[in-house]
Amino acid sequence: MPLFALLLFAVLAVAFVALNWPAIVTVSDLSFGFFHFQAPLGLILLGVAVIEAALFLVYIVWLQGGVLLEARRNSRALADARALAEQAEASRFSELKHQLSASLAEQADAQQQGFARLAEKIDESANGLAASVGELEDRLFRGAPGDTARGG
């Protein structure tokens, strides 16, 4: 809507100048303090207004160009920061994966050592049990020392 209002204002200004053209080009005495001359005051003021509007348009275009360049620079910086953050995140994930792998390997080694100790203890217990059973068998087959005295 502001563009429409600006165009409407421009059309009305052109219509105003066209309707009052005889008054704008009327020659009058002008004084600049040190010298005097005759010129159309309306035409001079209209020229100053047009030059001022053109300068403002150039200034606006210059400012808009600066804003666009800054936005592009910020966009690139943001993309670079995003890529760096994604790389850091990927690095953290790979480091976490390595840590988890190392931790799991340590746990597997500890479990294997635990199983080995358990197997040793079972073997020791089995050997002790076998020795006890062997001793009992030996006592049974040899007989008790009191049995031979009673039987003979």
Side-chain angles (χ1 to χ4, degrees), residues 1-140:
M1 195 67 179
L3 181 63
F4 177 73
L6 186 62
L7 289 175
L8 181 64
F9 177 75
V11 168
L12 290 176
V14 168
F16 177 78
V17 168
L19 290 173
N20 294 303
W21 187 252
I24 291 175
V25 293
T26 302
V27 177
S28 59
D29 289 329
L30 301 175
S31 172
F32 282 98
F34 298 111
F35 59 94
H36 299 280
F37 65 94
Q38 290 185 350
L41 178 63
L43 198 58
I44 291 174
L45 291 177
L46 184 63
V48 167
V50 168
I51 290 172
E52 188 176 345
L55 288 175
F56 278 130
L57 285 175
V58 168
Y59 180 67
I60 287 171
V61 167
W62 180 72
L63 280 179
Q64 199 65 6
V67 167
L68 287 175
L69 288 176
E70 185 68 24
R72 182 181 297 168
R73 191 176 313 124
N74 287 340
S75 172
R76 286 182 184 163
L78 183 62
D80 291 343
R82 184 179 300 127
L84 186 62
E86 287 175 359
Q87 287 176 351
E89 186 175 350
S91 173
R92 281 192 301 249
F93 280 135
S94 64
E95 184 179 334
L96 179 63
K97 180 181 175 184
H98 290 303
Q99 286 178 351
L100 285 175
S101 296
S103 177
L104 288 175
E106 285 178 14
Q107 287 179 355
D109 288 344
Q111 187 178 20
Q112 288 298 330
Q113 290 174 357
F115 285 152
R117 282 190 302 249
L118 183 61
E120 287 175 13
K121 287 185 180 185
I122 289 173
D123 286 343
E124 288 174 8
S125 296
N127 289 339
L129 187 60
S132 297
V133 167
E135 195 176 312
L136 287 175
E137 283 180 354
D138 192 35
R139 282 187 193 172
L140 282 175

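By convention here, the first residue in the shown sequence is residue 1. The analysis underlying the following values was restricted to heavy atoms, covering all of them including side chains, and did not include hydrogens, waters or symmetry mates.
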Checklist outcome for this item: Value for CG (Leu136) from CG (Leu129), rounded to nearest 0.5 Å, stands at 9.5 Å
Next on the checklist: Please enumerate all residues that pass side-chain contact (heavy atoms from CB on, under 4.5 Å) together with Ala10, with sequence neighbours excluded.
Outcome noted: none
Next on the checklist: What's the separation between atom CG in Asn127 and atom CD1 in Ile122, rounded to the nearest 0.5 Å?
Outcome noted: 12.0 Å
Checklist outcome for this item: Sorted by chain and number, sequence neighbours left out, side chain to side chain donor-acceptor pair (under 3.5 Å) with Arg76 holds for none
Checklist entry - His36: what forms a side chain to side chain donor-acceptor pair (under 3.5 Å) with it, not counting sequence neighbours? => result Ser31
Item to check | For Gln107, all residues meeting side chain to side chain donor-acceptor pair (under 3.5 Å), sequence neighbours excluded | outcome: none
Item to check | Contacts of type side-chain contact (heavy atoms from CB on, under 4.5 Å), residue Glu137, not counting sequence neighbours | outcome: Val133, Phe141
Item to check | Under 3.5 Å donor-acceptor, Ser75 side chain and Ala71 backbone | outcome: no
Checklist entry - If you measure from CG on Leu41 to CG on Leu46, what distance do you get to the nearest 0.5 Å? => result 11.0 Å
Next on the checklist: Please enumerate all residues that pass side-chain contact (heavy atoms from CB on, under 4.5 Å) together with Leu43, with sequence neighbours excluded.
Outcome noted: Trp21, Ile24, Pro40
Checklist entry - Who passes salt bridge (Lys or Arg N to Asp or Glu O under 4.0 Å) against Arg82, sequence neighbours left out? => result none
Checklist entry - Under the side-chain contact (heavy atoms from CB on, under 4.5 Å) test, which residues partner Leu96, sequence neighbours left out? => result Gln99, Leu100
Checklist entry - Residues two or more places apart in sequence or in another chain: which of them pass side chain to side chain donor-acceptor pair (under 3.5 Å) with Gln113? => result none
Item to check | salt bridge (Lys or Arg N to Asp or Glu O under 4.0 Å) contacts in which one or both residues fall within residues 119-136, not counting sequence neighbours | outcome: Glu135-Arg139
Checklist entry - Counting only heavy atoms not in Phe93, do more than 12 sit closer than 6.0 Å to its CZ atom? => result no
Item to check | side chain to side chain donor-acceptor pair (under 3.5 Å) partners of residues 38-66, not counting sequence neighbours, each pair once | outcome: Asp29-Gln38
Checklist entry - Tell me the salt bridge (Lys or Arg N to Asp or Glu O under 4.0 Å) pairs involving residues 93-113, sequence neighbours left out? => result none
